[in-house]
Amino acid sequence: MFSLERAVVCSLALLTSAVYAVKPVEVQGQDFVVADTGDRFVIVGVDYQPGGQAGYKPQEGEDALTNGTVCLRDAALLQGLGVNTIRVYNVDPTLNHDDCASIFNAVGIYMLMDVNAPFGGESLNRADPESSYHVGYLSRTFGVVEAFAPYPNTLGFFAANEVINDLGTADENPRYIRAVQRDLKNYIKNNIDRAIPVGYSAADVREVLEDTWAYLQCAIDGDEDDMSRSDFFGLNSYSWCGSDATFDTSGYDDLVEMFGSSTIPVFFSEYGCNDVQPRVFDEVQALYGRQMTSLSGGLVYEYSQEEADFGLVDIHSNGSVTLRVDFDNLQGQYNELDLSIIQSSNDTAVNLEPPECGRSLISSSQFSTDFDIPETPDDVADLISNGLDDPNRGQIVDVDETEVPMECYGTNGNVLEDLAIRPLPEDQSNTPSGEDTSGGATGTGAAPSATSSGAAVPAVGGVPQGLEYGAFMAFLMWLA
Ligand SMILES: *[C@@H]1O[C@H](CO)[C@@H](O)[C@H](O)[C@H]1NC(C)=O
Ligand SMILES: *[C@@H]1O[C@H](CO)[C@@H](O)[C@H](O)[C@H]1NC(C)=O
Ligand SMILES: *[C@@H]1O[C@H](CO)[C@@H](O)[C@H](O)[C@H]1NC(C)=O
């Protein structure tokens with residue numbers, strides 16, 4: 001066929017590339033919702049930390065979101081996989097993340113950002129939280145807020161990750177987690193033009209799990225505007241292992257029981273047990289099925305193969321990527337989903353009032369019942385009132401390159417042809433594509449290319465929202 005059609009498709013991608021592809025998401029009771037439309041947003045996500053913790057190299061000016069070419073490659077693969085969210089653990093607030101954030105934004109992928117990092121002074125010290133709660137640490141967390149708040153696809157900030165890991169760490173830490181949440185939320189309220197949610201990511205340690213959630217979601221003195229409350233609760237969940245597991249044997253039934261009446265969104269901030277390999281991800285059907293509508297989805301741990309052996313892809317030193325069988329299996333599971341089951345909000349759950357904090361909410365005698373949150377230090381309070389001095393603020397930039405320059409390979413070793421991102425029209429988030437990126441399982445002849453995935457690109461002739469019809473016609477005439 002005459003290639004005008006192709007030219008139009010490509011040019012549409014160019015024209016829309018500068019448009020804010022996603023609408024900010026906010027919290028409403030138990031749900032994340034898209035601010036403009038009120039539609040429920042359920043996380044279909046993957047944890048993203050290429051290079052593992054060692055990929056965080058601030059001394060060399062690098063973190064997981066500093067190399068635009070790498071992000072282009074990974075965004076193309078993740079878009080084809082069908083995810084709408086990544087979690088990024090360790091970033092340096094002084095570096096430039098504009099290319100990466102803009103690429104993920106263009107393909108309808110949100111980012112959940114940890115404000116902490118692995119070096120000393122970059123997180124709460126669970127052995128002695130008081131000693132680590134100071135202006136040096138907090139100004140770093142505010143820096144991450146400033147760096148990422150301008151991107152519309154920043155979905156939320158994790159104030160802390162797995163600080164409470166057992167009963168021994170459940171005494172002093174809960175108050176300090178709430179203190180950090182309060183400071184972050186006040187910083188955002190005073191200095192940022194939208195309310196970006198702030199929450200916690202919990203270890204799946206059942207002796208502290210329910211108490212941690214209860215402690216963090218309640219409202220002190222019943223004050224719904226209590227700034228130290230979590231806005232959401234992430235759970236790192238590894239209890240469903242292999243194809244023999246079920247909703248009951250995995251303990252998912254207990255989770256639904258525990259969190260069914262949560263007054264904040266609960267989701268898996270990590271999941272995907274690797275005791276049985278390759279992973280088949282049967283838990284995906286449960287997580288997004290009718291029994292678990294009270295949860296807001298989850299993020300599979302993790303994109304790249306690292307020492308811990310949880311990867312969906314292998315990243316080679318020459319910049320190429322090879323998909324692992326786990327990638328294909330996960331894509332197959334995503335393709336089976338009927339997301340309409342979880343996309344409507346439960347009116348009751350959205351309007352639940354947070355319980356008032358108090359002893360009766362906490363079941364373990366060793367878990368803190370002290371809701372007297374440490375005061376914000378004066379120098380921190382100054383930053384919260386006045387903002388950081390000359391912070392590094394990100395901004396969305398044009399995404400000009402769509403084609404992935406490095407070769408990537410399917411699980412069968414074949415090169416993925418025409419691998420590229422497909423920028424989505426305004427207000428779309430990415431969804432599972434129904435396709436099979438490695439091209440192994442279909443048996444229909446030509447391997448589908450990863451570029452034909454990405455669900456929400458309009459058919460040729462359709463005018464994407466946000467693009468004026470007149471401009472579009474003028475452009476067509478120019479082409480002719
Ligand atoms: C809606 O939420 C309420 C409160 O958590 C719960 O009791 C009810 O079962 C939910 N309804 C559905 C259809 O999930
Ligand atoms: C990149 O490295 C991988 C692993 O060593 C290799 O299989 C692949 O052929 C290389 N690709 C290119 C384009 O050199
Ligand atoms: C980005 O990553 C690619 C692939 O690993 C590499 O070739 C390139 O040099 C990197 N760019 C920068 C600026 O570091």
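Each ligand, and each atom within it, is numbered from 1 in the order the structure gives.
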Next on the checklist: Do Arg175 and Phe371 form a cation-pi contact, if we require the NZ or CZ to be under 6.0 Å from the six-membered ring centre and within 45 degrees of the ring's axis?
Outcome noted: no
Next on the checklist: Suppose we screen for salt bridge (charged side-chain N to carboxylate O under 4.0 Å, His left out). Which residues come up paired with Arg194, at least two apart in sequence or across chains?
Outcome noted: none
Next on the checklist: Check this for me, if you would: do Asp204 and Arg206 make a salt bridge, where the nitrogen-to-carboxylate-oxygen distance has to be below 4.0 angstrom?
Outcome noted: yes
Would you mind writing out a table of all protein N or O atoms found under 3.5 Å from any N or O atom of ligand 1, naming both atoms and giving the distance to 0.1 Å?
residue  : atom   : partner : partner atom : Å
ligand 1 : 2 (O)  : Asn346  : OD1          : 3.4
ligand 1 : 2 (O)  : Asn346  : ND2          : 2.3
ligand 1 : 5 (O)  : Gly260  : O            : 3.1
ligand 1 : 11 (N) : Asn346  : ND2          : 2.8

Item to check | Contacting atoms of ligand 2, where contact means under 4.0 angstrom from a heavy atom of Glu407 | outcome: 13 (C)
Checklist entry - Using the ring of each side chain (for Trp, its six-membered ring), is Phe267 parallel, tilted or perpendicular to Phe232, with breaks at 30° and 60°? => result tilted
Checklist entry - Looking at Tyr409, which atoms of ligand 2 are within less than 4.0 Å of one of its heavy atoms? => result 8 (C), 9 (O), 10 (C), 11 (N), 12 (C), 13 (C)
Item to check | Check against side-chain contact (heavy atoms from CB on, under 4.5 Å), Thr293 and Tyr288 | outcome: CA-CA 7 Å; Thr293 55; Tyr288 298 96; over 6 Å; no
Checklist outcome for this item: Near Asn318 (heavy-atom distance under 4.0 Å), the atoms of ligand 2 are 1 (C), 2 (O), 3 (C), 8 (C), 10 (C), 11 (N), 12 (C), 14 (O)
Checklist entry - Going through the distances and angles, do Leu339 and Val42 end up as a side-chain contact (heavy atoms from CB on, under 4.5 Å)? => result CA-CA 9 Å; Leu339 288 175; Val42 173; 5.5 Å; no
Checklist entry - For ligand 3, is Val70 a contact, meaning one of its heavy atoms is under 4.0 Å away? => result yes
Checklist entry - Residues in ring-ring contact (aromatic ring centres under 6.0 Å, His included) with Tyr252, at least two apart? => result Trp240, Phe268
Checklist entry - At under 4.0 Å between heavy atoms, which part of Asn67 makes contact with ligand 3: side chain, backbone, both or neither? => result side chain
Item to check | Selection residues 233-279 - residue pairs positive for disulfide bond (SG atoms under 2.5 Å apart), sequence neighbours left out | outcome: Cys241-Cys273
